[in-house]
Visitor: 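Sharing a structure below in structure tokens format, with a few things to ask.
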Amino acid sequence: MLSKNTICLWFNGDALEAATFYAATFPDSKVLAEHRAPSDFPAGKQGDPLTVEFTVMGIPCLGLNGGPAFKHTEAFSFQVATDDQAETDRLWNAIVENGGEESACGWCRDKWGLSWQITPRVLTAAFTNPDPAIAKRAFEAMMGMTKIDVAAIEAAVRG
């Protein structure tokens, strides 16, 4: 990888599957290389897939097939700013319908346990609005959602 800073994501033998899904789902994403272990390691044998270099929306990542010892948590997530409801739906549905699960306030988790915040730009603009009443209405509307409903956020902004 050419990047000086790369996100390393731990997987249990399925880093290539995850990287391939991300490359097919998110724009400006691709699988760059897969590397096999030069010798035995705690989670595998010589020749097994060890790492996968990939990008997610231009962000360099390394998938490490480190075994079952560590799980992903919500303490790390990808936040994806979407332009409209169609893009929000497409990304959310791709994650959830591929073995993932819904969470609250625009969060979902993919089948590998990584968390994603699928966040329409209109939501961010609304809850950071300098008018505290608008920000509060938008924030409170979001708190009752799983996938973000752009029309409902726009209605909250209008009051």
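Everything numeric here is computed off the predicted structure, so don't read it as measured data.
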Visitor: Applying ring-ring contact (aromatic ring centres under 6.0 Å, His included) as the test, list every pair that has at least one member in residues 114-136; sequence neighbours left out.
Guide: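 As it turns out, the ring-ring contact (aromatic ring centres under 6.0 Å, His included) pairs with a partner in residues 114-136, which skip direct neighbours, are Tyr22-Trp116, Phe26-Trp116, Phe78-Trp116.
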Visitor: Tell me every residue that passes side chain to side chain donor-acceptor pair (under 3.5 Å) with Gln46, counting only those two or more places apart in sequence or in another chain.
Guide: none
Visitor: Checking the side chain of Ser29 only, and the main-chain atoms of Pro27 only, is there a donor and an acceptor separated by less than 3.5 Å?
Guide: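 Such a contact is found between Ser29 side chain and Pro27 backbone.
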Visitor: What residues form a ring-ring contact (aromatic ring centres under 6.0 Å, His included) with Phe70, not counting sequence neighbours?
Guide: Trp10
Visitor: Heavy-atom distance under 4.5 Å between the side chains of Phe76 and Ser115, does that happen here?
Guide: no
Visitor: The criterion is side chain to side chain donor-acceptor pair (under 3.5 Å); which residues satisfy it with Glu34, sequence neighbours excluded?
Guide: none
Visitor: Just to verify, what does Glu140 make a side-chain contact (heavy atoms from CB on, under 4.5 Å) with, not counting sequence neighbours?
Guide: Lys136
Visitor: Taking the side chain as every heavy atom from C-beta outward, state whether Val31 and Leu16 have any pair of such atoms under 4.5 Å apart.
Guide: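 Yes, close enough: below the 4.5 Å cut-off.
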Visitor: If the condition is ring-ring contact (aromatic ring centres under 6.0 Å, His included), which residues does His72 pass it with, not counting sequence neighbours?
Guide: Phe11
Visitor: Using the test ring-ring contact (aromatic ring centres under 6.0 Å, His included), find all partners of Phe139 that sit at least two apart in sequence or belong to another chain.
Guide: none
Visitor: Not counting sequence neighbours, list each pair that qualifies as a salt bridge (charged side-chain N to carboxylate O under 4.0 Å, His left out) and has a residue in residues 9-24.
Guide: Glu17-Lys111
Visitor: Applying ring-ring contact (aromatic ring centres under 6.0 Å, His included), can you list everything that pairs with Trp92, at least two apart in sequence or on another chain?
Guide: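 Trp92 satisfies ring-ring contact (aromatic ring centres under 6.0 Å, His included) with no other residue.
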Visitor: Using the side chain to side chain donor-acceptor pair (under 3.5 Å) criterion, which residues pair with Asp89? Sequence neighbours excluded.
Guide: Gln85, Lys147
Visitor: For Asn5, does its backbone N or O pair with a side-chain atom of Ser3 as donor and acceptor, under 3.5 Å?
Guide: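 Yes; judged by distance alone, with no hydrogens or angles, the pair exists.
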Visitor: For Ala133, what residues pass the side-chain contact (heavy atoms from CB on, under 4.5 Å) criterion, not counting sequence neighbours?
Guide: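 Residues passing side-chain contact (heavy atoms from CB on, under 4.5 Å) with Ala133: Asp131, Arg137.
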Visitor: Holding to side-chain contact (heavy atoms from CB on, under 4.5 Å), I want the full list of residues that pass it with Thr73, two or more places apart in sequence or in another chain.
Guide: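 For Thr73, the residues satisfying side-chain contact (heavy atoms from CB on, under 4.5 Å) (neighbours in sequence not counted) are Ala75.
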Visitor: To the nearest 0.5 angstrom, please state how far the CD1 atom of Ile148 sits from the CD atom of Gln117.
Guide: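 CD of Gln117 is found 10.0 Å from CD1 of Ile148.
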